[in-house]
Amino acid sequence: MALKVYTSLLLLFLVNSVWTRTVRQAYDEMEPDHWSHYTFECPRECFCPPSFPNALYCDNKGLKEIPAIPARIWYLYLQNNLIETVSEKPFVNATHLRWINLNKNKITNSGIENGVLSKLKRLLYLFLEDNELEEVPAPLPVGLEQLRLARNKISRIPEGVFSNLENLTMLDLHQNSLLDSSLQSDTFQGLNNLMQLNIAKNSLKKMPLSIPANTLQLFLDNNSIEVIPENYFSAIPKVTFLRLNYNKLSDDGIPPNGFNVSSILDLQLSHNQLTKIPPINAHLEHLHLDHNRIKSVNGTQICPVSIAVAEDYGFYGNIPRLRYLRLDGNEIQPPIPLDIMICFRLLQAVVI
């Protein structure tokens with residue numbers, strides 16, 4: 001399972017790298033005679049690099065509105081300005097846009113003209129972090145692959161806003177104002193290819209409902225979550241990286257085998273209220289339990305297989321895969337118990 005997950009992540013990285021490299025090669029191979037033409041079409045407020053003619057840099061210019069975007073532009077950088085509105089007029093000719101960065105502006109929902117985003121049919125990446133949005137903007141381009149909305153004031157997700165975003169692989173909503181009531185059972189419906197969901201630094205008290213089944217990375221740090229429902233992770237059987245740092249989890253809030261999930265390779269439970277190590281799966285590789293209330297560690301109790309099996313050098317196929325264990329900030333005193341080392345023979349680092 002771990003091999004399949006790593007293979008998927010590697011494939012995604014390689015595909016993105018090859019795509020970017022291919023695009024850049026296409027630009028580099030353009031005839032130099034055309035460069036002056038591209039520069040001439042550059043809005044006076046912006047910079048158009050001759051070596052990358054499909055990019056338009058309008059960041060850090062003190063702009064209050066978006067300039068007219070030339071038809072050739074694929075990559076548009078508008079971050080760190082004073083932009084309040086996103087209207088259709090500047091994008092009339094910009095039919096090839098793949099990437100828009102509007103981070104760190106003053107954009108509100110009322111400032112986004114109805115339908116302007118959905119008309120950008122080829123848009124893949126949309127960055128609207130550090131603005132003044134109070135809800136997820138809608139409608140969105142159906143081909144979108146990444147949507148970054150961190151550090152806004154979002155407390156509402158309109159019904160069906162994600163229903164047609166089958167290509168979305170990353171959704172970042174961290175550091176907003178989401179409550180449990182903001183996330184309904186059908187909120188994430190339609191996100192069939194989502195790989196990373198970040199809802200950290202919100203105001204959740206419960207685990208969110210109906211996480212897309214293909215999610216690999218789930219980030220829920222800095223909320224107020226107290227309980228993990230029974231069999232919660234059976235609905236997201238591919239989850240590999242799980243972050244629940246800075247919540248209010250206690251021993252009573254975790255089912256007996258709540259984290260005994262074979263797909264989870266990296267589990268982060270730092271800064272909670274645990275007094276003991278919860279049962280883990282033999283496939284787990286990284287475990288963060290620092291700054292809890294754990295007083296002692298018993299390797300025999302937490303070992304995913306029996307110590308007798310772990311001592312059997314010939315039984316390598318089922319040996320626990322834990323490589324990193326962090327326990328500092330608890331009440332544990334060194335030395336590390338011998339049965340921990342016997343059980344987790346692949347451990348490379350233990351922090352106490």
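Atom CD of Glu113 is surrounded by more than 12 heavy atoms from other residues, nucleotides or ligands within 6.0 Å.
Hydrophobic clustering, defined by side-chain heavy atoms of Ile, Leu, Val, Met, Phe, Trp and Tyr closer than 4.5 Å, leaves Leu209 isolated from every other such residue.
The closest side-chain donor-acceptor pair between His288 and Arg326, if any, does not fall under 3.5 angstrom. Checked by atom type, the side-chain pair Thr85/Ser87 shows no donor-acceptor distance below 3.5 Å. Gln268 and Asp266 share a donor-acceptor pair across their side chains, judged by distance under 3.5 Å alone. A donor-acceptor pair shorter than 3.5 Å can be found between the side chains of Asn260 and Asn281. Counted by atom type alone, Thr169 and Asn193 present zero donor-acceptor pairs between their side chains at under 3.5 Å.
The aromatic rings of Trp99 and Phe127 lie tilted to each other, with the angle between the two planes from 30° to 60°.
Although no hydrogens or angles enter the test, the distance criterion places a donor-acceptor pair under 3.5 Å between the side chain of Asn152 and the main chain of Leu128. Under the 3.5 Å distance criterion, the side-chain polar atoms of Asn330 are left unmatched by any main-chain donor or acceptor of Ile332.
Ion pairing between a basic and an acidic side chain is recognised when a charged N comes within 4.0 Å of a carboxylate O; Arg72 and Glu41 show such pairing. Ion pairing between a basic and an acidic side chain is recognised when a charged N comes within 4.0 Å of a carboxylate O; Asp180 and Lys205 show no such pairing.
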Enumerate donor-acceptor pairs with a distance under 3.5 Å from any side-chain N or O in residues 153-168 to protein atoms, sequence neighbours excluded.
unit_1	atom_1	unit_2	atom_2	d
Arg156	NH1	Glu135	OE1	2.9
Arg156	NH1	Glu135	OE2	3.4
Ser163	OG	Gly160	O	2.8

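You'll find the side chain of Met207 reaches within 4.5 Å of the side chain of Phe233, heavy atoms only.
For His286 and Phe241, the gap between ring centers reaches or exceeds 6.0 Å. In this structure, Tyr57 has its ring center no closer than 6.0 Å to that of Tyr75.
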